There are 2 protein chains.
Amino acid sequence: VERLVIVGGDAAGMSAATVARRKRDDLEIIALERGHHTSYSACGIPYWIGGEVSSAEDLVARTPAEFRDKHRIDVRLESEVVGVDPAGCTVIVAGPSGSYELRYDHLMLGTGAVPVVPDLPGVDASGVYGVQTLDDGEAVRAALSSAPSRAVVVGGGYIGLEMAEALVRRGLSVTLLEAAPEVMSTVDPDVGAQVRAAMGGMGIDVRIGEGLRGIESDASGRVRRVVSEGGSYDTDLVVLGLGVRPNTRLAVEAGISTGVKHAISTNRRMRTLSHENIWAGGDCAESFHRVLQRPAHIALGTHANRHGKVAGANLAGGYDTFEGVIGTALTRICDLEIARTGLSSREATEAGFCYEAVTTESTTRAGYLPDAGRITVKLLAERGTGRLLGGQIVGHQGSAKRIDVLATAIWTDLSVMELAEVDLSYAPPFGPVWDPVSIAARRTAAALLS
Amino acid sequence: VERLVIVGGDAAGMSAATVARRKRDDLEIIALERGHHTSYSACGIPYWIGGEVSSAEDLVARTPAEFRDKHRIDVRLESEVVGVDPAGCTVIVAGPSGSYELRYDHLMLGTGAVPVVPDLPGVDASGVYGVQTLDDGEAVRAALSSAPSRAVVVGGGYIGLEMAEALVRRGLSVTLLEAAPEVMSTVDPDVGAQVRAAMGGMGIDVRIGEGLRGIESDASGRVRRVVSEGGSYDTDLVVLGLGVRPNTRLAVEAGISTGVKHAISTNRRMRTLSHENIWAGGDCAESFHRVLQRPAHIALGTHANRHGKVAGANLAGGYDTFEGVIGTALTRICDLEIARTGLSSREATEAGFCYEAVTTESTTRAGYLPDAGRITVKLLAERGTGRLLGGQIVGHQGSAKRIDVLATAIWTDLSVMELAEVDLSYAPPFGPVWDPVSIAARRTAAALLS
């Protein structure tokens with residue numbers, strides 16, 4: 001019987017496993033997960049920390065038992081793959097009761113990403129947490145039970161901002177340190193500044209331009225103070241939100257093809273470029289970026305699920321392709337919704353695009369309704385062609401999901417002139433008669449002509 | 001000096017006037033409006049009746065004085081055009097102090113629509129209202145001040161449903177009569193049934209399959225009772241929401257080109273097909289329907305604004321085109337959001353399309369968040385090509401604006417297979433990891449293949 005071995009029991013790996021099972025009843029499927037959970041929503045961790053979600057189980061989409069019983073997938077927890085031998089088609093597993101070798105016919109790598117941990121004194125102190133896995137989340141929840149009063153969050157990206165808000169909701173005094181001149185490097189600084197203002201309004205002490213220098217502990221090895229380039233902050237706990245990098249040491253050692261940031265390089269069917277029977281997906285793999293027209297590494301659960309679905313279909317003898325990414329993402333911070341797609345100004349410039357960037361202010365409902373909120377739409381369009389290159393939205397309730405219109409427009413290579421003509425919906429509870437997206441497209445088109 | 005005469009001082013007419021002014025400083029512009037207001041949001045009337053908006057002034061985007069002072073547009077209220085002579089390039093105006101003739105070089109017709117009033121006994125009784133103009137809205141507001149207790153709304157389209165909700169909010173007992181087997185004929189009956197259920201939950205007595213037979217009045221001519229095909233209902237006031245038809249008697253009499261429902265036929269620059277110097281836009285004009293590939297009459301403020309902008313640019317010597325409609329619309333009824341774009345099942349069948357219609361249930365937020373609401377997405381895709389033909393969405397907060405993604409997909413001729421691959425946004429507060437739109441597209445694609 002043919003055997004599929006999955007390395008990593010989260011989004012990419014388990015999507016591949018279930019899709020492969022659906023296509024091939026005869027396949028033996030073994031999923032190896034070094035942690036204690038499968039298929040959970042890492043994106044939901046801040047809501048669990050913040051108290052909106054009450055238990056870790058709520059974040060688990062499917063338990064190992066469900067995979068075993070419903071899909072006949074042999075999920076093995078606390079089982080870390082420590083070696084891959086592509087020539088011999090085997091992996092070495094360090095399991096809960098010892099190491100063993102496992103033969104595979106098809107290998108799916110869904111090893112995910114690991115948090116970036118700076119090489120600085122004290123980062124391994126007790127009380128310093130990542131927020132990458134459910135196990136990390138459980139550690140933070142446990143720390144909160146001893147009623148700490150102060151926290152420092154290091155890093156002003158999505159996860160850092162979400163964690164800062166979650167900790168404030170739990171009653172802590174929170175300082176957020178960001179080394180860059182503005183928070184949220186995935187959006188332009190003028191958009192990031194709006195987010196920072198909202199965080200300030202919620203009582204979060206946001207320090208920009210202050211990189212981490214070190215973490216000081218007390219005699220018992222417990223964190224006591226964080227030292228930055230701009231000051232020092234007494235604290236009871238530290239959350240590191242400095243982003244992630246592909247977890248591909250295993251793949252690199254095995255000679256599997258890697259590219260950007262050492263993420264695994266695949267073709268459009270998610271097959272590795274180096275090995276016929278090795279597939280990869282999720283945070284450990286590259287994705288083709290449709291606007292940049294080259295591989296990129298973007299660690300998002302949406303891509304991981306798609307990657308896994310594509311890999312699973314193909315390794316089971318079907319045909320499915322991954323059509324690429326355009327960097328769509330969104331979040332909610334305090335009472336602000338923030339979203340982006342395509343290229344930011346920095347990315348567009350680095351890629352060599354000549355473009356106009358136009359920012360438009362509007363409202364989320366008809367201006368005469370009492371709870372009309374503010375919405376800012378920033379569009380980037382290429383000179384000459386007018387092609388929409390990127391969009392950023394920040395605003396109150398009802399703002400952010402409009403990003404999907406911009407994503408669809410970028411996906412289909414629409415110009416801002418064309419986008420301005422699209423028959424978008426209108427009713428007073430949902431916007432002004434010209435939707436903010438239409439107004440933004442029209443103004444950007446006008447800027448291209450002037 | 002060249003003179004532009006505008007007939008009708010609402011969205012289409014005044015958009016044309018302001019855009020023409022922007023392009024041509026030398027033009028004399030006279031706008032003739034038979035009512036008492038210019039450029040108001042008719043869509044906002046139900047919110048004014050319901051109390052969310054406190055005064056009629058809030059619904060007026062620009063007053064006659066603003067048009068005069070800022071844009072040098074000579075707005076004349078209570079001035080009805082009663083005749084057009086295209087050969088002599090004149091109109092006859094019945095103004096507040098008598099009739100007069102007015103020469104024009106360019107004529108813009110923005111005469112709007114008139115409510116459909118059934119030819120039945122009693123429909124002209126006192127206490128029977130339309131909700132087409134601000135003057136209509138004022139009459140309903142005045143009626144509410146005498147604390148009526150019962151209302152009957154005739155017609156279960158957008159305006160009827162919105163008015164029924166508004167009147168319930170004002171404390172009235174409301175019965176809604178709809179002659180068709182289901183409310184909201186612009187969506188499929190299964191979607192309409194969800195809306196009807198929500199209205200019932202709000203205490204509105206919705207009667208389907210009950211056409212109006214007549215209205216009975218007391219001796220003073222005041223409405224007392226409504227008689228339908230299914231019963232009779234005592235009432236203090238009646239609101240007619242039976243839709244509108246193009247207000248084009250004037251145009252027809254003048255020999256101006258008309259088409260669907262006698263709406264004025266124009267080319268893509270909003271010039272009438274019959275006269276070089278006569279333009280039209282808004283509810284009195286046709287629009288090209290991109291999916292049906294023929295002219296249609298869809299009375300919406302969004303189109304009226306676009307029509308006017310295009311006509312104004314062209315008549316002032318510029319170049320702008322109206323790129324057509326796809327029937328996008330949305331509303332909020334009680335706690336439900338409802339949206340549609342493209343073709344309904346009935347429209348697709350009538351147009352000769354062979355298609356699959358697939359309904360998908362999902363949530364507006366990640367399922368583990370406490371306030372995840374329900375969302376239903378129904379997609380229609382053409383057999384063979386997979387082209388998305390139509391979409392309908394009904395659900396709780398955060399549902400309806402997703403229609404704009406479907407509208408953009410239909411606009412760009414995307415297939416459901418392609419739509420399923422688009423990089424849409426995800427974060428737990430905004431949806432499950434596969435957006436409801438993505439799931440719906442994927443399932444519809446699967447149905448096409450099975």
Side-chain angles (χ1 to χ4, degrees), chain A residues 11 41 43-44 47 52-53 58-59 61 158 290 300-303 305-306 321-332 337 339 341 366-370 397-398 400-405 407-412 414 418-419 421-431 433-435 437, chain B residues 11 41 43-44 47-48 52-53 58-59 61 158 290 300-303 305-306 321-332 337 339 341 366-370 397-398 400-405 407-409 411-412 414 418-419 421-431 433-435 437:
Chain A
S41 170
C43 307
Y47 306 94
E52 284 190 73
V53 176
D58 291 339
L59 298 182
Y158 293 97
R290 291 168 70 102
L300 283 176
T302 43
H303 305 333
N305 275 287
R306 284 183 193 274
T321 61
F322 184 72
E323 295 294 323
V325 302
I326 53 174
T328 312
L330 87 172
T331 190
R332 187 196 64 194
E337 299 181 357
T341 187
Y368 53 76
L369 287 179
Q397 188 174 63
K401 259 291 178 182
R402 281 173 159 98
I403 202 72
D404 287 347
V405 177
T408 307
I410 291 175
W411 194 268
T412 56
L414 229 52
E418 291 168 317
L419 176 58
E421 302 301 325
V422 178
D423 183 9
L424 299 182
S425 61
Y426 159 66
F430 302 96
V433 68
W434 294 93
D435 191 87
V437 166
Chain B
S41 170
C43 306
Y47 306 94
W48 178 35
E52 283 190 74
V53 176
D58 291 339
L59 298 183
Y158 292 97
R290 293 167 69 103
L300 283 176
T302 42
H303 306 332
N305 276 287
R306 283 183 193 275
T321 62
F322 183 71
E323 295 294 323
V325 301
I326 53 174
T328 313
L330 86 171
T331 188
R332 187 196 62 193
E337 299 181 356
T341 187
Y368 52 76
L369 287 179
Q397 188 175 62
K401 259 292 180 181
R402 280 175 160 95
I403 203 70
D404 288 346
V405 177
T408 307
W411 193 268
T412 56
L414 227 52
E418 291 168 318
L419 176 58
E421 302 302 324
V422 178
D423 183 8
L424 300 181
S425 60
Y426 159 66
F430 302 96
V433 67
W434 293 93
D435 191 87
V437 166

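Naming: A, B, ... by sequence-line order, numbering from 1 per chain. Here the structure is a predicted model, which is why all the values come from computation and not from measurement.
- With values rounded to the nearest 0.5 angstrom, B:Arg402 atom CZ is found 4.5 Å from A:Lys401 atom NZ.
- Note: B:Cys43 leads B:Gly398, B:Ala407, B:Gly367, B:Cys43 in heavy-atom pairs under 4.5 Å with chain A.
- In terms of heavy-atom pairs under 4.5 Å with chain A, the best-connected choice from B:Leu59, B:Thr341, B:Val437 is B:Leu59.
- The candidate with the highest count of non-hydrogen atom pairs below 4.5 Å against chain A, out of B:Ser41, B:Gly431, B:Ala400, is B:Ser41.
- Between chain B and the options A:Glu418, A:Arg290, A:Glu337, the largest number of non-hydrogen pairs under 4.5 Å is found for A:Glu337.
- Neither the backbone nor the side chain of B:Trp48 comes within contact range of chain A, judged by heavy atoms closer than 4.5 Å.
- The residue among A:Asn305, A:Asp58, A:Leu300 with the most heavy atom pairs within less than 4.5 Å of chain B is A:Asn305.
- The two residues A:Tyr47 and B:Leu369 come nearest to each other via the heavy atoms CB-CD2, 3.9 Å.
- Heavy-atom distances place the side chain of B:Ile403, and not its backbone, under 4.5 Å from chain A.
- Among B:Glu421, B:Gln397, B:Arg332, the residue with the largest count of heavy-atom pairs under 4.5 Å with chain A is B:Glu421.
- A salt bridge does not link B:Arg306 to A:Asp423: none of the charged nitrogens lies less than 4.0 Å from a carboxylate oxygen.
- Remark: A:Asp404 CG to B:Asp404 CG distance equals 10.5 Å, nearest 0.5 Å.
- A:Ala427 approaches B:Thr331 most closely through the heavy-atom pair CB-CA, 4.3 Å.
- Taken to the nearest 0.5 Å, the OG1 atom of A:Thr328 stands 14.5 Å off from the OH atom of B:Tyr426.
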**OP:** Walk me through it: do B:Leu414 and A:Thr412 pass the test side-chain contact (heavy atoms from CB on, under 4.5 Å)?
**Re:** CA-CA 8 Å; B:Leu414 227 52; A:Thr412 56; 3.5 Å; yes

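- A:Leu424 touches chain B through backbone and side chain together, each having a heavy atom under 4.5 Å away.
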